[in-house]
Amino acid sequence: MAINTKNGLMLQAFSWYLPADGQHWRRLAKMAPRFAEEGFTSVWMPPAYKGQAGAEDVGYGVYDLWDLGEFDQKGSVRTKYGTRHEYLAAIRAIQEQGVNVLADVVLNHRMGADGTQLVLAQECDAQDRTKPVGEPREIRAYTRFEFPGRAGRLDRYQWGITDFTGVDYDELEGTTGVYRFVGKEWSREVSDELGNYDYLMGADVDLDDPRVRAQLTTWGAWYLGLTGVDGVRLDAVKHMSRSFYLDWLARMREKTGKELFAVGEYWSQSVGELRGYLGREGAMSLFDVPLHFNFYRASTAGDDIDLTHILDGSLVSVDPIHAVTFVDNHDTQPDQALESTVEPWFKPLAYALILLREAGYPCVFMGDLFGLPNDQIPAVPELELLMEVRRRFAYGEQRDWFDEKDLIGWTREGTARHGISGAAVLLSTRAGNATKRMCVGAGHAGETWRCVLGVDGTVTIDNEGWAEFSTGGARLTVYLPAATADKLDSIPILVRPEA
């Protein structure tokens, strides 16, 4: 089934510090009906293959792509999330509810090698990988991947020194650094941060090597055929050859006969960099990292917030078709290397901006939806209601009033196809009550609209479709046609106290 991005909604169905109890695939399978009921059209599942830390690995320290929790390797048969059988069962359970599944694909690096190899390497300046440090020298690198626990089952390819471009550790001298193997070059189709940002971690996979490309194509065809997933989330594309993924995705779509929705993680605040990676082909979408940082800065700016610029420099503002919007994720959460957690008071406003507007494909973070104590992430109480408003009411023409630094708003007119629909939204950082006159369309003339989030109040739409909407001192207010507002399923009306 094709991914629905028209009022579609993605769930990131994991966080960094989930319990390593091997039960996550089972939990997701049980929750499948709820995912459908709450309007999720796709569920992004964590990496399913064996990592260097075995049953403790989140999935990004990839050891063996072919081991989905089936072989006794790295101290366990199962992964952090469960066994291969449980993984496949979870995918089927979610798809049976009419919800698509996205698999997390991590092809940039390998970690947890089975042995070392001697290789001539050139150390590079950590702050500019295009500059050498000293003369080339022999190092002992962790690059031998033989997968003894699998013993050649499923695939016989073993990874070695020729499959990688570099490492960050020399076992011979016990030193760390960025070591490029002599005879290899960093890819030129990557971010120019640090001179060249091909190298990220572990043993860096040489995506320019024809044998490596062929192996990853073989694995991809097997994996997608076995799992039947509907799309992929591509890890660390900032560090990976652009042409590799153009080719790989084309081959995977050809082999599966599917649209195969793809979203890449390109971690940059520069929308220009994101658009450059997307190019004219538009082979994938990208997470809207610049928008996340707009939210983060707004949440920590105090009195300096200017809401009129909250969308400036975002991918969704210039290329909404290829923008997957989000508030937080597993990398931005507390205690992670990219920690930039949006402050709790601003999260409802941020979620309103990605859920109740027409542009972009929003992704909800599991931690924000359910609250995860292990991750120090409280639930966002308003989130479930905002999701329901998106699913049932946020349709039709959008009108914006981004005209006051401390008070912005927009409306959705609704459509006949979606019954009595439409919404009016206000975001305020102003002390005390604030009002804004906004139009919801002449088709709503004479209707009473009720505030379902923020304050308890109503407005009457005039003959030309306008009304004076009040915040009542709340930071976020949402109004809906009163004829349907009383039928909301999710949670009681929430009154958010004044800041």
Side-chain angles (χ1 to χ4, degrees), residues 269 271 288 290-318 325-328 332 340-360 362 368 378 380-383 385-386 389-390 394 398-413 422-440 449-459 461 465-480 493-499:
Q269 297 186 47
V271 70
D288 197 342
L291 182 62
H292 158 75
F293 277 100
N294 285 358
F295 294 156
Y296 171 67
R297 285 189 291 268
S299 76
T300 58
D303 294 335
D304 294 329
I305 301 172
D306 185 347
L307 293 175
T308 65
H309 297 294
I310 196 68
L311 301 178
D312 288 4
S314 64
L315 184 61
V316 74
S317 68
V318 294
T325 53
F326 70 102
V327 177
D328 271 322
T332 71
S340 50
T341 313
V342 176
E343 292 293 324
W345 77 268
F346 194 79
K347 280 193 175 183
L349 284 69
Y351 271 111
L353 281 160
I354 69 171
L355 292 174
L356 304 186
R357 296 178 61 77
E358 61 183 340
D368 291 334
V380 178
E382 298 88 344
L383 182 50
L385 178 58
L386 292 173
V389 172
R390 174 180 178 79
Q398 178 175 291
R399 298 177 177 89
D400 289 340
W401 285 266
F402 282 41
D403 52 353
E404 296 179 86
K405 177 181 177 180
D406 56 357
L407 178 66
I408 61 172
W410 67 92
T411 62
R412 302 295 301 276
E413 186 166 344
V425 186
L426 288 174
L427 275 57
S428 174
T429 59
R430 187 178 301 178
N433 183 45
T435 62
K436 189 174 289 292
R437 183 169 169 78
M438 299 190 296
C439 179
V440 297
W449 281 40
R450 179 180 173 188
C451 184
V452 297
L453 181 57
V455 294
D456 188 9
T458 61
V459 298
I461 311 302
W466 291 77
E468 194 81 19
F469 293 92
S470 168
T471 68
R475 297 186 182 118
L476 170 63
T477 53
V478 178
Y479 287 78
L480 300 176
I493 296 172
L494 294 173
V495 178
R496 186 171 185 84
E498 186 176 339

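For clarity, every value in this text was computed on a predicted model and none was experimentally measured.
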[atom1]/[X] to [atom2]/[Y] distance, rounded to the nearest 0.5 angstrom?
X: E404; Y: T308; atom1: CD; atom2: OG1; answer: 10.0 Å
X: D406; Y: R430; atom1: CG; atom2: CZ; answer: 4.0 Å
X: R437; Y: F469; atom1: CZ; atom2: CZ; answer: 9.5 Å
X: Y351; Y: L386; atom1: OH; atom2: CG; answer: 10.0 Å
X: Q398; Y: R412; atom1: CD; atom2: CZ; answer: 5.5 Å
X: D368; Y: E382; atom1: CG; atom2: CD; answer: 11.0 Å

Next item on the list: Not counting sequence neighbours, which residues clear salt bridge (charged side-chain N to carboxylate O under 4.0 Å, His left out) with D328? List them please.
Entry: K347
Note to self: Checking E468 now: which residues fulfil salt bridge (charged side-chain N to carboxylate O under 4.0 Å, His left out) with it, not counting sequence neighbours?
What the structure shows: none
Checklist line | Chi angles and distances behind the side chain to side chain contact (heavy atoms under 4.5 Å, CB included) call for V425, V389 | finding: CA-CA 11 Å; V425 186; V389 172; over 6 Å; no
Check: side-chain hydrogen bond (donor to acceptor under 3.5 Å, both in side chains) between N433 and S470: does it pass, once the steps are laid out?
Finding: CA-CA 7 Å; N433 183 45; S470 168; 2.7 Å; yes
With a 4.5 Å limit on heavy-atom distance, are the side chains of [X] and [Y] in contact?
X: I354; Y: L291; value: yes
X: L427; Y: L353; value: yes
X: T429; Y: R475; value: no
X: T471; Y: L407; value: yes
X: Y296; Y: T341; value: no
X: F326; Y: P362; value: no
X: I305; Y: L307; value: yes
X: K436; Y: L426; value: yes

Shortest non-hydrogen separation from [X] to [Y] and the atoms involved:
X: G313; Y: S317; result: N-OG, 4.4 Å
X: C451; Y: L453; result: SG-O, 3.2 Å
X: P290; Y: R297; result: O-NH2, 4.5 Å
X: V380; Y: P348; result: CG1-CG, 4.0 Å
X: F346; Y: A298; result: CZ-CB, 3.7 Å
X: G457; Y: Y479; result: O-CE2, 4.3 Å

Next item on the list: Any chance you could lay out the side chain to side chain contact (heavy atoms under 4.5 Å, CB included) test for I461 and W449, step after step, and finish with the verdict?
Entry: CA-CA 7 Å; I461 311 302; W449 281 40; 3.6 Å; yes
Item checked: Between T332 and H292, a side-chain donor and acceptor under 3.5 Å -> no
Note to self: For the residue pair N294 / S314, report whether a side-chain donor-acceptor contact shorter than 3.5 Å exists.
What the structure shows: no
Is the backbone N or O of [Y] less than 3.5 Å from a side-chain atom of [X], with the two atoms forming a donor-acceptor pair by type?
X: R399; Y: T411; value: no
X: S299; Y: E343; value: yes
X: D288; Y: V316; value: yes

Note to self: When you measure from the centre of the six-membered ring of W410, is the NZ or CZ of R357 closer than 6.0 Å and no more than 45° off the axis?
What the structure shows: yes
Checklist line | W466 and W401 aromatic ring geometry - parallel, tilted or perpendicular at 30°/60° bounds | finding: perpendicular
